[in-house]
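FYI, side chains are in, hydrogens and waters are out, and symmetry mates aren't considered; it's all heavy atoms of this structure.
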Amino acid sequence: MHITQRTNGIWYYQRRIPLASQPFFNHKTSIKTSLRTSSKSEAIRKARQLSVEHDALFAKHSALASSDTHQHSRVAQNFSQKLSKRYLINKLADYSSRVLIASQQLYGDGLSTKTQRDAHYTGLEELQDELRESVDSLLDETATSYELRQHRPWRLLEGAFSTEHLATFETLSTQEQDKVFIQFVANSNKYLTQLIRSFTSPLQAEAIPELPLDYLAEDEKAGELEESPQGKMLSECIELYLQARKRDEIHEKTYNRHVARMELMQRILGDVDIKTLNREAALSFQQTVLSLPKNINKDARYRDKSLSEILALNPEPMSTSTANDTFTDVNRFFEWCVLNEFIDRNPFKQLKVKQKKRSHEQREVFTSDDLKVLFSQDIHRVSRPKHPHYYWLPVLALYTGARLNELCQLYKADIEQSDIGTWSITFTDSRPDQKLKNQSSLRTIPLHSRLIELGFIEYLYSVEHERVFPELKLQRDGYQTAASKWFARYRDKVLPNAGAEGKAFHSFRHNVADHLKQKGLPKSPVAAILGHAENNETFGRYGKGYSMDVLTPVIEQLSFDVKITPWDKLS
């Protein structure tokens, strides 16, 4: 019956693979897999079932071998590739995710107290987050393949394999292993949701998947020998992808960016069968993007011109940062295509190039002398400017470290006074016309005493509008458009070299970060003031926001050698 028992008591099924069938099993000569039982009668029953399945499968292979040799070789090769790139990957991912869930279920069933079970449920939810974050780091290329393999989720994947599974897994290419990992995470998160529900809401629980017998036990459907169907056209995949992105309810600006980059991708690659795209096409795409100018869709010089005509003009290439952002979005598109089985692999991975920033592309801090010049002009010393934001935006940025649009979109209600008289300012996206860079940007910080001394509260009371700067109008990029253009003109006028040195309005934010860093202040409260994500798990996952009592002495450390006339003293 092709079974043997190991010293640990577990029975194993083993079977020689006939020569005609070996091409369908990656040219292995034998099958050996655990029957996962120490009962001989149960092992015999399972082995009989496997034997029947393999007899039928081997008979098909033998019949193929007796037919036209060339036809057999071609079909066998196609099927072998199908097993290694799709079927085998799916089987490995399914097996490992079920092992992970089975171990978590067994552990939960063994807990006796409510406190232990509650802690276990929390741990399962955190595991879901950890799995998602690892896949995001892979898709966004924020972690290298080596770094990803050091993450706990990758260790969970490998730990779920038997010795035989792991040996098979290690024969796969890096890209194929990544596909196993992505599918493993997708399956595990789905099963974790079912498992959590089975603990917390037994009446609404879905059945937890059982552990598979073996990933090499091909069934009739997997054994069908078919030619790979023709793939979808690139334009069709793009349309489906954009529909999926729209369902994600992303910002309109983000969606329009995806549209523009997908159109550029199709313009370069052509509307081709997506399965014909390979690494050579990806590298050609990379070189084309790196040669194209910025604002290719907006600049009148490039209107109605083909890509070859544009490149013939020898334009100044787009920045490396912009090109890399394009590669990130294209990589995400092809990963989505892999997950939806429109293409077997992603040839557009790791197209990013090392960024060699030119001086004008870097954001530098304003020097002490720069600040003295910026704040020694009439708008901060003598007379009130045409628009109040000319005065207040640079001052607010210097004493809050906030981003330009965060300041431009402020409402008067975002500045509040507590019962004990402390003033605070909240950067939020609670209104339809407000938006933040990310979730960590949502924050409330103390209002620096220097802003109060300069008359910011009195200015607020004088504004007969719900917004702090009603003269700024909402545009595609928020309320910051006019203010950004004004400050660039103002900077170039008073600091002619600042633009080439990479100094912009955002430099005020760097000034604040650098100033607090040089004071030797703890990183966590400074991150809370600037709206940076807290990477430390203790503070980031479990910590609450800092109180104003904690943040006030931190922000009051901001002290700059600039003389500014209070708002009400200007003529």
Side-chain angles (χ1 to χ4, degrees), residues 89-90 92-93 96-97 100 123-161 169-170 172-193 241 244-245 248 250-251 254 257-258 261 279 282 286 320-340 343 345-355 436-442 523-524 527 530-543:
I89 285 172
N90 288 341
L92 284 170
S96 54
S97 59
L100 174 65
L124 293 178
E125 292 173 342
E126 291 169 5
L127 177 57
Q128 283 186 304
D129 292 339
E130 199 170 354
L131 290 168
R132 292 191 190 101
E133 288 167 5
S134 285
V135 165
D136 287 343
S137 72
L138 174 63
L139 298 182
D140 295 339
E141 298 182 356
T142 56
T144 64
S145 291
Y146 174 78
E147 291 169 337
L148 178 69
R149 281 152 177 76
Q150 312 310 310
H151 292 180
R152 179 185 172 221
W154 191 277
R155 295 198 300 272
L156 289 174
L157 167 67
E158 292 187 334
F161 291 143
F169 180 69
E170 289 176 346
L172 300 177
S173 68
T174 299
Q175 288 185 338
E176 289 164 349
Q177 289 183 6
D178 288 347
K179 288 167 68 175
V180 173
F181 178 71
I182 291 171
Q183 193 59 45
F184 160 74
V185 169
N187 292 349
S188 296
N189 273 328
K190 178 181 69 175
Y191 297 152
L192 281 169
T193 299
Y241 175 70
R245 298 298 290 150
D248 291 339
I250 57 178
H251 283 300
T254 304
R257 186 198 76 208
H258 283 297
R261 287 177 177 167
R279 189 62 178 174
Q286 178 196 54
T320 304
S321 175
T322 301
N324 281 341
D325 287 344
T326 299
F327 298 145
T328 295
D329 283 345
V330 169
N331 172 64
R332 184 180 287 273
F333 163 74
F334 278 98
E335 287 296 341
W336 179 88
C337 289
V338 170
L339 288 175
N340 287 275
I343 192 171
R345 62 185 180 85
N346 175 8
F348 285 75
K349 278 187 174 183
Q350 298 179 343
L351 292 181
K352 285 185 177 182
V353 294
K354 188 173 182 181
Q355 195 161 346
L436 297 174
K437 183 176 180 180
N438 48 49
Q439 192 59 35
S440 60
S441 300
L442 178 62
K523 182 180 179 180
S524 187
L530 293 172
H532 285 159
E534 181 57 68
N535 294 326
N536 180 283
E537 181 171 348
T538 302
F539 290 122
R541 188 187 295 274
Y542 303 108

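The shortest distance between side-chain heavy atoms of T320 and V353 falls below 4.5 Å.
The side-chain hydrogen bond (donor to acceptor under 3.5 Å, both in side chains) check on Q286 picks up nothing, with sequence neighbours excluded. Taking the salt bridge (Lys or Arg N to Asp or Glu O under 4.0 Å) definition, one finds that R132 meets it with D129, sequence neighbours left out. Looking at residues two or more places apart in sequence or on another chain, you find a ring-ring contact (aromatic ring centres under 6.0 Å, His included) between F348 and F285, F334. Judged as a side-chain contact (heavy atoms from CB on, under 4.5 Å), and not counting sequence neighbours, the contacts of T328 are K352. For T174, the side-chain contact (heavy atoms from CB on, under 4.5 Å) partners are S145, R149, D178, not counting sequence neighbours. Residues forming a side-chain contact (heavy atoms from CB on, under 4.5 Å) with K437 (at least two apart in sequence, or on another chain): R403, S441. Judged as a ring-ring contact (aromatic ring centres under 6.0 Å, His included), and not counting sequence neighbours, the contacts of Y241 are F333, W336. Shown here are the side-chain hydrogen bond (donor to acceptor under 3.5 Å, both in side chains) partners of R257, two or more places apart in sequence or in another chain: D329. Scanning for side-chain contact (heavy atoms from CB on, under 4.5 Å) contacts around P153 gives E130, L131, S134, H151, F181, with sequence neighbours left out. For E158, the side-chain hydrogen bond (donor to acceptor under 3.5 Å, both in side chains) criterion is met by W154, not counting sequence neighbours.
Contact record, I182 with V135: CA-CG2, 4.4 Å, taken as the closest heavy-atom pair. The two atoms that bring V180 and I89 nearest to each other are CG2-CG2, 3.7 Å, heavy atoms only. Residue R279 comes nearest to R345 through the heavy atom pair N-NH2, 4.3 Å, listed as atom of the first residue, atom of the second, then distance. Smallest separation of non-hydrogen atoms from G531 and N438: O-OD1, 4.2 Å. Residues P347 and A282 share a closest heavy-atom pair of O-CB, 3.1 Å. Taking all atoms of both residues into account, the shortest heavy-atom contact from F184 to S96 is CD1-OG, 3.2 Å.
One finds the CG atom of L100 at 6.0 Å from the CG atom of L192 (value rounded to the nearest 0.5 Å). Between I343 atom CD1 and E335 atom CD the span is 10.0 Å, to the nearest 0.5 Å. Taking CG of D325 as the reference point, atom CZ of R261 lies at 5.0 Å (rounded to 0.5 Å).
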side-chain contact (heavy atoms from CB on, under 4.5 Å), that's the test. Do L156 and L127 meet it? Break it down for me. CA-CA 11 Å; L156 289 174; L127 177 57; 3.7 Å; yes

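The backbone N or O of N90 sits nowhere less than 3.5 Å from a side-chain atom of Q183 that would complete a donor-acceptor pair.
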